[in-house]
There are 2 protein chains.
Amino acid sequence: MNERSEPAVGLKAKTLRHPLIRKLSNFTVLSLEECDAIESATTKIAEFAAGDDVIQRGDRTGGVNLLLEGFACRYKILEDGRRQILAYLVPGDLCDLHVFLLRRMDHSIGALSRSKVATIPQSAILGFTNSYPNLTRALWWTTLLDEAITREWVVNIGQRTAYERMAHLFCELFHRLHAIGETAGKSYPLPVTQATLGDTLGLSNVHINRTLQDLRRDGLISFNNGTVTIKNLAKLEAAAFFSPDYLHLLDVTEPFA
Amino acid sequence: MNERSEPAVGLKAKTLRHPLIRKLSNFTVLSLEECDAIESATTKIAEFAAGDDVIQRGDRTGGVNLLLEGFACRYKILEDGRRQILAYLVPGDLCDLHVFLLRRMDHSIGALSRSKVATIPQSAILGFTNSYPNLTRALWWTTLLDEAITREWVVNIGQRTAYERMAHLFCELFHRLHAIGETAGKSYPLPVTQATLGDTLGLSNVHINRTLQDLRRDGLISFNNGTVTIKNLAKLEAAAFFSPDYLHLLDVTEPFA
DNA sequence: CGCCGTGTTGACTATTCTCAACCCAGGTGG
DNA sequence: CCACCTGGGTTGAGAATAGTCAACACGGCG
């Protein structure tokens with residue numbers, strides 16, 4: 001029908017429609033009862049424009065936000081204005097499951113593009129954890145996955161050069177988006193400016209610009225109009241010292257035939 | 001009796017003896033039954049020498065390791081030998097609760113000093129999650145706490161200068177160790193070399209050495225023989241742009257009277 | 001038309017790294 | 001008991017990486 005990649009794991013048509021169920025299905029088989037519980041808890045849906053904050057540091061929300069469509073990011077800002085992006089969120093990711101257990105947000109979440117967000121009531125989550133051990137473990141698993149990615153970001157920023165670092169980011173996003181069927185061939189959307197990439201990788205916008213040119217010159221990627229195109233995945237991964245194990249994806253299918 | 005700081009939260013004498021119960025008590029009140037379950041699951045105890053690996057990348061353990069005494073760290077090594085430390089573990093911290101839900105370790109854990117580690121059987125953890133929702137939430141909470149700290153490390157390495165970065169690390173460890181009563185006045189143990197600090201902060205050992213001298217010269221800290229002494233906490237925290245909210249400590253008592 | 005956000009470039013600066021040497025304390029073996 | 005070795009800490013000099021500042025190009029949009 002189009003060039004979009006198939007979702008990684010085969011699932012029943014019904015569950016596929018719900019991005020959280022699809023995500024959790026990478027970890028466990030949810031019962032029909034559990035699926036129904038999730039679906040009936042995600043009815044309240046809000047829209048955000050690019051740049052809007054979904055939730056801010058210090059907030060104690062009444063519910064947990066689930067990204068249904070669009071891109072968002074976690075970020076923190078230091079007193080003097082320096083900003084660090086901590087994670088990219090893609091459809092199916094939970095924004096602030098933290099708040100359910102930690103008392104308040106220690107960082108903010110902003111929409112990077114026009115986004116749809118469902119809010120699951122606090123009480124629903126509490127109910128899940130009281131009644132559905134399997135679902136609880138699945139939700140817990142998603143937070144462990146987030147943590148694994150954050151750990152790799154520490155390695156990325158701490159040890160890799162600008163060139164390797166940027167290559168690594170593009171690899172990670174490719175694999176994550178491929179797993180949820182949001183890639184189109186060798187391309188995927190990344191609705192950010194070069195300055196935002198700088199806040200992601202701990203580099204200045206000027207240096208981002210030059211490093212991007214280097215990657216393009218070496219035939220590894222291109223990045224235009226919010227779209228990343230991978231020209232040579234093998235070389236990109238080698239340049240990044242990329243190893244996908246930390247993403248804990250069940251499917252390790254070769255992305256390119 | 002001695003200079004050691006009091007544990008942050010008042011608890012019954014019995015539970016205080018078990019570091020995991022003490023830690024979880026920062027989040028919730030555990031029932032006697034839950035405490036008993038934890039205690040009877042942590043009988044198998046092993047010792048490690050400084051430098052030993054407690055668990056390695058790729059392992060799928062039969063159990064979850066709990067640090068009872070000593071210091072340890074999470075770390076990852078790139079193919080070409082570069083090493084990044086991802087976290088410091090102190091008594092009461094769980095090493096690899098990940099492995100219970102993620103299939104295998106994506107990083108290694110090494111002992112930084114002579115350490116005692118208890119191994120909780122996989123089956124015991126599974127039993128907890130099936131029978132004790134409150135305990136499950138508490139364990140989940142510990143992993144969210146780890147993640148919050150890891151996120152702050154991303155900010156630290158990505159945005160702060162060498163000087164600020166090192167100051168921030170010393171602040172974090174002071175607060176964490178104070179909360180578990182492992183500080184002695186303004187001092188606490190940190191059994192690492194300068195090269196290890198380099199792997200922690202993403203800096204070369206030479207630069208660590210010089211930055212340490214700067215901090216000492218400015219009267220903020222001293223670091224000798226594996227002991228950190230905070231000379232001026234207010235100035236240190238200001239220099240680091242340190243804000244303790246991300247540690248999600250219940251007690252925010254002033255560390256110095 | 002003119003403004004603004006974004007991307008690009010050049011010149012210069014600053015931070016941090018690398019390499020190499022040296023010191024010192026502790027441990028080991030002759 | 002001493003000579004030696006090793007691991008950690010310290011210093012200097014020079015190089016590389018990345019940041020800052022400033023200017024300009026370009027397109028979208030009021």
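These numbers come from a predicted model, not from an experiment. So that the names make sense, note that chain A is the first sequence line, chain B the second, and so on, each numbered from 1.
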Flag the pair B/W153 / B/L169 as yes when at least one side-chain heavy-atom distance between them is below 4.5 Å, and no otherwise. yes
Check every strand shown and say whether B/T193 touches a base, only sugar-phosphate, or nothing at a heavy-atom separation below 4.0 Å. sugar-phosphate
Name the pairs: protein N/O against N/O of nucleotides 10-16 of chain D, kept only if under 3.5 Å.
from	atom 1	to	atom 2	distance (Å)
D/dT10	OP2	B/Q194	NE2	2.7
D/dT10	OP2	B/N209	ND2	2.6
D/dT10	O5'	B/N209	ND2	3.2
D/dT11	OP2	B/Q213	OE1	2.9
D/dT11	OP2	B/Q213	NE2	2.8
D/dG12	N7	B/R210	NH2	2.4

How close or far is atom P of D/dG19 from atom CD1 of A/I208, stated in whole angstroms? 8 Å
Could you check which residues of residues 72-86 of chain B get a heavy atom under 4.0 Å from DNA chain C? Sort them by number, please. none
Applying a 4.0 Å non-hydrogen cut-off, can you work out what A/G202 is touching in the nucleic acid: base, sugar-phosphate, or nothing? sugar-phosphate
Students often get this wrong, so: under 4.0 angstrom with heavy atoms, is B/G198 touching a base, only sugar-phosphate, or nothing? nothing
Quick one: list whatever passes salt bridge (charged side-chain N to carboxylate O under 4.0 Å, His left out) with A/D245, sequence neighbours left out. B/R57
Could you list all the salt bridge (Lys or Arg N to Asp or Glu O under 4.0 Å) pairs where at least one residue sits in residues 160-176 of chain B, not counting sequence neighbours? A/R82-B/E164, B/D93-B/R176, B/E152-B/R160, B/E172-B/R176
Would you call the rings of A/F170 and A/F223 parallel, tilted or perpendicular, where under 30° means parallel and over 60° means perpendicular? tilted
Can you list everything that forms a ring pair (Phe, Tyr, Trp, His ring centres under 6.0 Å) with A/H107? Sequence neighbours excluded, please. A/H98
Sequence neighbours excluded, every pair satisfying salt bridge (Lys or Arg N to Asp or Glu O under 4.0 Å) that has a member inside residues 109-119 of chain B: B/E47-B/R114, B/E69-B/K116
Tell me, do B/L247 and B/I149 make a side-chain contact under 4.5 Å, heavy atoms counted? yes
For B/D59, all residues meeting salt bridge (charged side-chain N to carboxylate O under 4.0 Å, His left out), sequence neighbours excluded: none
Tabulate protein N/O versus nucleotide N/O from nucleotides 23-30 of chain D, keeping only pairs under 3.5 Å, one per line.
none

Contact interval (first through last nucleotide) of DNA chain C with protein chain A, 4.0 Å heavy-atom: C/dT6 to C/dA11
Name of the residue among B/L20, B/I109, B/L89 meeting side-chain contact (heavy atoms from CB on, under 4.5 Å) with B/L67: B/L89
Pairs satisfying side chain to side chain donor-acceptor pair (under 3.5 Å), at least one member in residues 191-202 of chain A, at least two apart: A/R83-A/D199, A/Y88-A/T200, A/T193-A/T196, A/Q194-A/N209
Where is the tightest heavy-atom contact between B/G219 and B/N232, given as atom of each residue plus distance? O-CB, 3.7 Å
Can you list, by residue number, the residues of residues 158-168 of chain A that have a non-hydrogen atom closer than 4.0 angstrom to DNA chain D? A/T161, A/A162
Residues in salt bridge (charged side-chain N to carboxylate O under 4.0 Å, His left out) contact with B/K231, at least two apart in sequence or another chain: none
If the plane angle is over 60° it's perpendicular, under 30° parallel, otherwise tilted; pick one for B/F242 and B/H175. parallel
Is B/D218 paired with B/K235 through a side-chain N to carboxylate O contact shorter than 4.0 Å? no
Between B/S108 and B/D53, a side-chain donor and acceptor under 3.5 Å: no
